[in-house]
Structure formats: structure tokens, C-alpha cells
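No hydrogens, no waters, no symmetry mates; every other heavy atom, side chains included, goes into these values. Residue numbers start from 1 in every chain, and the chains themselves are labelled A, B, ... in the order their sequence lines are given, proteins ahead of strands. What you see is a predicted model; the values in this text were computed from it and never measured.
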Number of protein chains: 2
Amino acid sequence: METQHSTDSVSNIAAVERDTGLSKDTLRVWERRYGFPVPLRDANGDRLYPSAQVEKLRLIRRLIDQGKRPAKVIGASTEELLALIGDMPDSSAAATANHSMLQYVRLHRSAELAAALRQALLKQGLQRFAAETVAPLNEAIGEAWMRGEIDVSEEHLYTEQVQNVLRGAIGAHIGAGTRPRVLLTTFPDEEHVLGLLMVEATLVAEGAHCLSLGTRTPLPDLRSAAVDGGFDVVGLSFSAAYPSRQAIDDLLQLRAMLPASIAMWAGGSAVKGKGKRLPDIRVVDSLADCVTALAEWRVAHLG
Amino acid sequence: METQHSTDSVSNIAAVERDTGLSKDTLRVWERRYGFPVPLRDANGDRLYPSAQVEKLRLIRRLIDQGKRPAKVIGASTEELLALIGDMPDSSAAATANHSMLQYVRLHRSAELAAALRQALLKQGLQRFAAETVAPLNEAIGEAWMRGEIDVSEEHLYTEQVQNVLRGAIGAHIGAGTRPRVLLTTFPDEEHVLGLLMVEATLVAEGAHCLSLGTRTPLPDLRSAAVDGGFDVVGLSFSAAYPSRQAIDDLLQLRAMLPASIAMWAGGSAVKGKGKRLPDIRVVDSLADCVTALAEWRVAHLG
DNA sequence: ATTCAATTTTGTCCAGGACAAATATCATGG
DNA sequence: CCATGATATTTGTCCTGGACAAAATTGAAT
């Protein structure tokens, strides 16, 4: 019943599950089938994972989330995995991101980061700030994390500062009474919040009335919130880690629960290009496409 | 808004784990030992939990988090559980909470809620707003949720609106260069964010320099962030659900990793009254006690 | 090239046993 | 009476090894 944290020695299986996102069952079956990881054992026969194996598991997890197959990556050495990461498609996001902000994250310069974010917001306005500053930064941070160039606390610092700035700006736009009324959230297995905030910022800047429920809203609760609140649109956000199939199933299930008068919009890499399999759901490609979807809705419903 | 009564759907064991916080192992062993829950089975023998059983499991989970023992509550009927909840000690928080705000939450009146929160902030100032408005509201919401008077989407709506207001106000206080420099976060198994934000608001209002890393920071990352960032204090927040023993173990482990020059403060019901077992850690009783701890630090370090 | 069927891969679930940490109970001494 | 410590019970987590279906890949046929 011990729950230890990953010091640089060993972690129990519960800590590895928490830190890698791989279930205990998956960890055991990988060991049985692929011969990795091979944890030590304590006096009671319980698995103890050295931190090097946990690190490698996190790399493997990220690669699988991006489409690699377990059999192809589990056997590889840590060096080969890092090489694979370098080959991943959009490894150029860092180039378009604001370089000094990235440095502030790496150096734990939170005050400078916050100041730079606020300055960019003032200069660009909320909408361009979300699309041209936050979005590329998110990608650059994700890639840097995968390469081990930044650690969890730096990623957290970044997320917190961006949240503070975006929420402050969103709160300043009081768009009560405007249309459409958009309800934003994620499904119960999706916990990434920044995508949602960026969409909210983009829509609010266009004069829509937005309400975000944050992450992980159960479907029945989401349905009643949308119906009772008189919303015109329900927006769902997905990160790259969300299984595409599950996204489609969940969306169709929600679509069947909602009256046809409430539109559904879905965005994120899990639904990219899946428009054909999602009838009556507007697949949103990008933040810019949010604006288009908004304009379409207004033409259709407000004349 | 009445209890969202049974949608007569069923959940698999993974969904129940996600929605109740009870592990798959725990769900199976309860079934074996106590005869509850007794899920249906699908064609393959996999468990299917009716929503009524999931609801009851959530009640049981909350009661156990508050100190009840499983054997005492698992056998009880849903009615008996609700009676137990009525008997819980601090069932009077609702009385001190702002009643109209609670109504806004129940009625999904997000715009009115946001306006009321902002008005209270302006009237009370940041510090009293956190202590006298947000803290009682948190308790009242928690109790109402337990009684089934509000659902997940309403709790989310509340959390989002409070976050927006608190983060906006915190962002407005730019306390760079002031002392002490306080690093705030939670341990990896603690995901409640509002406690952290309330502490940050309280300290920032007293002119401290605060940086929050949000929730779930691994200990090694927390250590390096505190040391590299030149922080004077590391503050940890715990909710009622955090096992007291684990909180003590984790705090002592972190204490051993940090240099003596960095103070540690811990707050929340999991550490209440445990001061004797936490040498060299300042146990903070309440938001008001945060201010005392701050004053103590300043006397000791700044003369 | 597209569709469809067969095959392999992969994650999740199951049963039932075991163990140690957490908690309660009880005895003893201040 | 409270405190301390020994003993018993409760409780959550981990184990093994088997099974199955959904997803992805491969191969065949149109």
C-alpha cells in the first residue's frame, strides 16, 4: 500500500501508471510479451521500475500517441527513440514560436514569461495572440518536452502563466446576450485544457457568448447543461493523445443525445479529416476555422 | 435542479474507475468481499455497472474520504447513506455561503455567477474575497454535490468561473522582486486546484511573490524548480481526499530533498493537527494562518 | 485502385490468491 | 483519567496467467 514518487531510484507500478499514463495491465503485458520494461522486484515480489525505464516508457508513450506501433518502438534503444522523435512530421513548430518566451520557460523566468505574454496580448489582440503566439508555443513546448529539454515543472509553469493571461482576457469580454451561445468542454478522458481556452478566446473575440465547463464532463451532464442553458452550439476539444476511434464514437453518441437544434463543433488532431464519418458535426481544422464556423452559423441562423 | 436520476445506461469497469475514483482492483475486491456492487455481465463476462450502482459508489467514496469505514457504509442502502451525509460534522457551511451564488450555480446562470463573483471581489478585496466568499462556497458546493443537488457540469461551471476571477485578480498584482518568493503546487496524486489558487490570492494580496506550478508536480521536478528559481518557501495544498499518512510521508520526503534554507508550508485537512509529526514544516490551518506564516517568515528573515 | 476477408497485434478484463499497511480493539501502566 | 503498546481485523494493492475482442495490417479479389 505504499505509494512512492519517482525519486531517481525506483517507482512502484502505481507511480509508473500515473507518470506514464500506461495502465498497470499494459505495463505487465508488455513485460510478458516484449520483454520491456523489466523492473526489479522488492522483497514481496512487487515490481520496482528504475527511473531510466520510466523515462523510456514516457518516450514510447509519446511515440505511440503519434501513431507509431508498440512492437516497432518497444524494442528500440533510448537513442533510437530520440532519433525517431527527430523524424516526426511537424518538428518545425519551434521555428515559428517566439524564441525568447521559450527561453523564459526553460530558465524558470516566470515573471519575464508573464510579461512577454501580456505584451504580446496587447500588441496582437486576443484572437491573434491565441493563434499566432499561444498555438505555436504549445507545439514547441510539446516537442521540447519530448526531447527531454524541459521538465514537468517547466511545462506546468508555462501552462499556468498562459492560463492566467488567457482567462484574464476572456473575463474582460462580457458578451452576455450575444449569439451564438457556445458551450465548451472536453470528454471525460481528455484533460488538456489549453486547447479549450484558445478556442474560447478566439470565439469570445468574435463576440460569441462562451461558457467553458473545463475538462472531463460526463456526457449526460453535458447534455443537460446544453439543453437547460439554451445553448446553440456545443464545442469539444481533443488532443493528439485521444484515440481517433473513441473520439468519433463519443461524438456520435453525444450527437444522438442532443436535439438537432443544437450544433456540434469538434476540433483537434483526433478528428482532423474525419468529417465524412461525423455527419451533422462541424469539424474545425484550426483556430481560424473556428471563426469561419462561427460566421457560417450566424449566416444560417441570424440571416 | 434535482438529482440527475438514473439514466438507465451501464458503464464498464474502466468508466466506473474514472467516474468514482475507485480502482478496478478495489471494485472487484468489494464485490468479492462485501457483495456490492453486483454488476451485470456482458456476453464476454465483463462487468457492466448500472448507473444506480455507480451513483451509490460515488456516495460511498465521499463518505470514506471523510473518515467512514467501508464495512460500515457499503452495506447501507442509498437512503441510509444520504442520512449519514446529513449527519456529517460541517454540514452548516451552506449557511455561511452566499446563497444567491449557490442558486446561480444550480440554475446554470453563469453570467450572473461571474458578475456576482466580480462584484464580491471589488467589494471585499482579493484577500477577504478568497477567505469569506470562495472558501465557504467551496464547502457548500461540495456538500450540495454529495447530496446530489448539483451535477458534475454545475460543479465544473463553478470551478471555471472562480478560476477566471481569481486568476484575473492574481495576474493584476505584479509583485516581482518582493519577498518571500513562494512556489506553490500539489503532489502528483492531488488534482484539486482551487485551494492552491486561494492561497496564491491570499499571499499575493500581502505582497509576496508567488509562482504556482498548478497541480501534480513530481517531487524531483519540484525540487529543482525551487532550487533553481531561488525560492524562499515551497507551499503544498491538500484536499480532504488525500490520505493523511501519504501526505506526511510525501512532505517528509520532499523536506529531505530541499535545502534547509527553503521553508515548507503545508495546508489542507489532510495535514490539520499533524504539526508534531512534521518537523521543520509549517502547517497552515487556514487562509488567515497563511498571512500569519508570511509575517513570521518576514520577521525571521527580513528583520 | 478499392473493397473485403483473414490474420496479427494490442489493450483490457477476469479469477482468486497473497500480503502489508492502516485501523480498531484491548490490555497495561502512568 | 490518559497514554502507550501489543494483537487482531480490515482494507487496498499487487501478483500470475489466461482469455477475448477491437484495431491495425496484410493479402486477395473485384
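- At a cut-off of 3.5 Å, with distance as the only test, no side-chain donor of Tyr49(A) or Asn12(A) sits close to an acceptor on the other residue.
- Note: CD (Gln246(B)) to P (dA22(C)) measures 10 Å, nearest angstrom.
- Atom CG of Leu27(A) is separated from atom P of dC15(D) by 10 Å (rounded to the nearest Å).
- What separates CZ of Arg47(B) from C1' of dA19(D) is a distance of 14 Å, to the nearest Å.
- When the side-chain nitrogen and oxygen atoms of Lys24(B) are compared with OP1 and OP2 of dC13(C), one or more of them lie within a distance under 4.0 Å.
- For the pair Asn44(A) CG and dC19(C) P, the interatomic distance rounds to 7 Å; values are reported in whole Å.
- The stretch residues 29-39 of chain A comes close to DNA chain C through Val29(A), Trp30(A), Arg33(A), Tyr34(A), each having a heavy atom under 4.0 Å from the strand.
- Per the geometry, CG belonging to Asp42(A) stands 13 Å off P belonging to dC19(C), to the nearest Å.
- Rounded to an integer number of Å, the gap from CG of Leu63(A) to P of dT10(C) is 14 Å.
- Applying the 4.0 Å criterion to OP1 and OP2 of dT10(D), one finds that Arg69(B) has every side-chain N and O outside that range.
- When all heavy atoms of Ala225(A) and Ser153(B) are compared, the closest pair comes out as CB-OG, 3.6 Å.
- Using a cutoff of 4.0 Å between basic side-chain nitrogens and carboxylate oxygens, Glu31(A) and Arg41(A) are scored as salt-bridged.
- Under 4.0 Å is where a charged nitrogen must lie from a carboxylate oxygen, and between Asp25(B) and Arg28(B) at least one such pair does.
- When all heavy atoms of Ala14(A) and Lys24(A) are compared, the closest pair comes out as CA-CE, 3.9 Å.
- Put simply, CG on Asp65(B) is 15 Å from C1' on dT11(D), counting in whole angstrom units.
- Here Asp25(A) lies in heavy-atom contact (under 4.0 Å) with a base.
- In summary, Arg216(B) and Glu190(B) do not engage in a salt bridge, as defined by a charged side-chain N under 4.0 Å from a carboxylate O.
- When each of dA21(D), dC14(D), dG12(D) is scored by its nearest atom to the side-chain atoms of Asp46(A), the top-ranked nucleotide is dC14(D).
- Phosphate proximity of dG12(D) to Ser23(B): absent, as no side-chain N or O sits under 4.0 Å from OP1 or OP2.
- Map Gly45(A) and Ala43(B) each onto its nearest nucleotide of DNA chain D; the residue landing nearer the 5' end is Gly45(A).
- For Arg41(A), the side-chain atoms get nearest to dC15(D) when compared with the rest of dT25(D), dC15(D), dC14(C).
- For Thr26(B), a side-chain nitrogen or oxygen approaches OP1 or OP2 of dT13(D) to under 4.0 Å.
- In this structure, Arg28(B) reaches the dC14(C) phosphate: one of its side-chain N or O atoms is under 4.0 Å from OP1 or OP2.
- Ion pairing between a basic and an acidic side chain is recognised when a charged N comes within 4.0 Å of a carboxylate O; Asp289(A) and Arg282(A) show such pairing.
- The separation between Lys68(A) atom NZ and dT10(C) atom C1' is 17 Å, rounded to whole Å.
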